[in-house]
Amino acid sequence: MGASTPRILVTGAVGQIGSDLTLALRERYGATNVIAAGHRTPPSPLLRDSGPYDTVDVTDVESVASAVQRHHVDTIYHMAAVLSAVGEAKPQLAWTVNINGLYNVLEVSRELGVAQVFCPSSIAAFGPSTPRDQTPQETILRPTTIYGVSKVAGELLCEYYVRRFGLDVRGVRYPGIISSETLPGGGTTDYAVAIFYEAIAQGRYTCFVRADTVLPMMYMPDCIKATIDLMEADGSKLVHHADFNLAAMSFSAGELADEIRKHLPNFVCEFKPDGRQTIADSWPRSIDDSAARAEWRWEPAWDLPRMTVDMLTRLRERHAAGDLYRQK
Ligand code: AKB
C-alpha cells in the first residue's frame, strides 16, 4: 500500500464485481475511505451498512462531480457498465452508460485532480477476426457487440487521458467472472455463475450456450487481487495502462458441468443455446496475459477444480441458511 490512504469512490458498487471489490477495498483501506456508489438497484444491507453509500448517476456529469467533491475522492474504481447481453437488447443505453459515463468520470477526474482511475475492459473488446487461442495483448480489436465497441473505445479514451493529461488510468480486460455473493446481470458469461446456483437449488440447469463453448474465466478472489494489485503497481513500470489482457482458466460449459457433477453426481445440465451463443462465439477461448505478468507480476491462484469446490461450499452454506438468492 502507498504512503497515504486513498479516498475511493466505487461506481457500480452494487454490481457483481463492484460489491465484492467495495468490501475488499474497505477491508484494505478502512471502511470510511471507500464510498460505494449505486444508481437504481438498492444496495445489499452489508454494502450499505459496512461503509458510506451514495447514489451516483454516471451519465450525469454533475452527479459524478458532486460525489467526488462531497467525499473528497482521489481514486475512482469505475465499475458501472451495461454488459454484453443487455447491451445487445439496449444498444443506446449501453453507449450512454459505457461511453458517456466513462467520459464523465475521466473529465471529472481531470478537472478535480483525482489521482487514479480504474476502468475495466473485457474480453468483449475482441471479435470474430481476433485469434481465438492465446489471444495476444496486441491484436485485432474489431468486436461485433455494442458492449465490445464501447470497451475498445473506452480503452482508447483511457489511453488518451494518460498521454494527453497525465491522468493515471489503469484497467484490465476481464474474462467472465465467477462469484458466490452477488449475481452478475446481463452478461454472456453469466451461465458460468448461474450453473452453480441452480445446481445447488434445483439439481439441474439449462445452459444458454453449447456444451463445447470455451471462454476465459476467473474466480472472484483473483479478480479482486488483479484489480487492486494493478492499482497499487509501480506506475513507472507500466508500458500498458487500461488494456491489460488477464487470464486465469479456460473451460467449456460442458467441462464446467462435468466438474460440478464430480461433487453433485445427480446434477443434470441441458444445453439450449440462445442469442448469447453468437456473442460467445465472437470471443476468445484463451488469453495470453504475459504483459500483465511481466509489468505488474500478475499471477492467478484459482483453477477450475479448486474454484468449483469453493463455490459449491459457499453456495451450500447460503442455501442451508435460506438466503441463496438474497443479497447479504
Ligand atoms: C459479459 O459477459 O458481458 C461480461 C464480460 C465478459 O465482460 N461478463
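Remember, it's 1-based here, ligands and their atoms both numbered in the order they're listed. Hydrogens, waters and symmetry mates play no part in the numbers below; they use all other heavy atoms, side chains included.
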task = Would you give the length of the straight line joining atom OG1 of T139 to atom CG of L141, rounded to the nearest 0.5 angstrom?
result = 7.0 Å

ask   = If you round to the nearest 0.5 Å, how far is CG of L315 from CD of E317?
value = 9.5 Å

query = Are R276 and F208 in a cation-pi contact, defined as NZ or CZ under 6.0 Å from the six-membered ring centre and within 45° of the axis?
reply = yes

Over-ring placement of R210 relative to F271, 6.0 Å and 45° cut-offs = no

request  = Give the residue and atom name of whichever protein heavy atom lies nearest to atom 6 (C) of ligand 1, and the separation in Å to one decimal.
outcome  =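 Minimum-distance protein heavy atom for atom 6 (C) of ligand 1 reads S122 OG, 3.6 Å.
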
Short list, please: which atoms of ligand 1 are under 4.0 Å from a heavy atom of [X]?
| X | value |
| --- | --- |
| L83 | 3 (O) |
| S84 | 1 (C), 2 (O), 3 (O) |
| T188 | 1 (C), 2 (O), 3 (O) |

query = What about T189: any of its N or O atoms under 3.5 Å from an N or O on ligand 1?
reply =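 T189 vs ligand 1: N/O contact under 3.5 Å present.
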
query = Taking both backbone and side-chain atoms of W283, is any N or O found less than 3.5 Å from an N or O belonging to ligand 1?
reply =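 In this structure, W283 places no N or O atom under 3.5 Å from an N or O of ligand 1.
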
ask   = How about D289 and W298: does a side-chain donor come under 3.5 Å of a side-chain acceptor?
value =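 Yes, side-chain donor-acceptor contact under 3.5 Å.
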
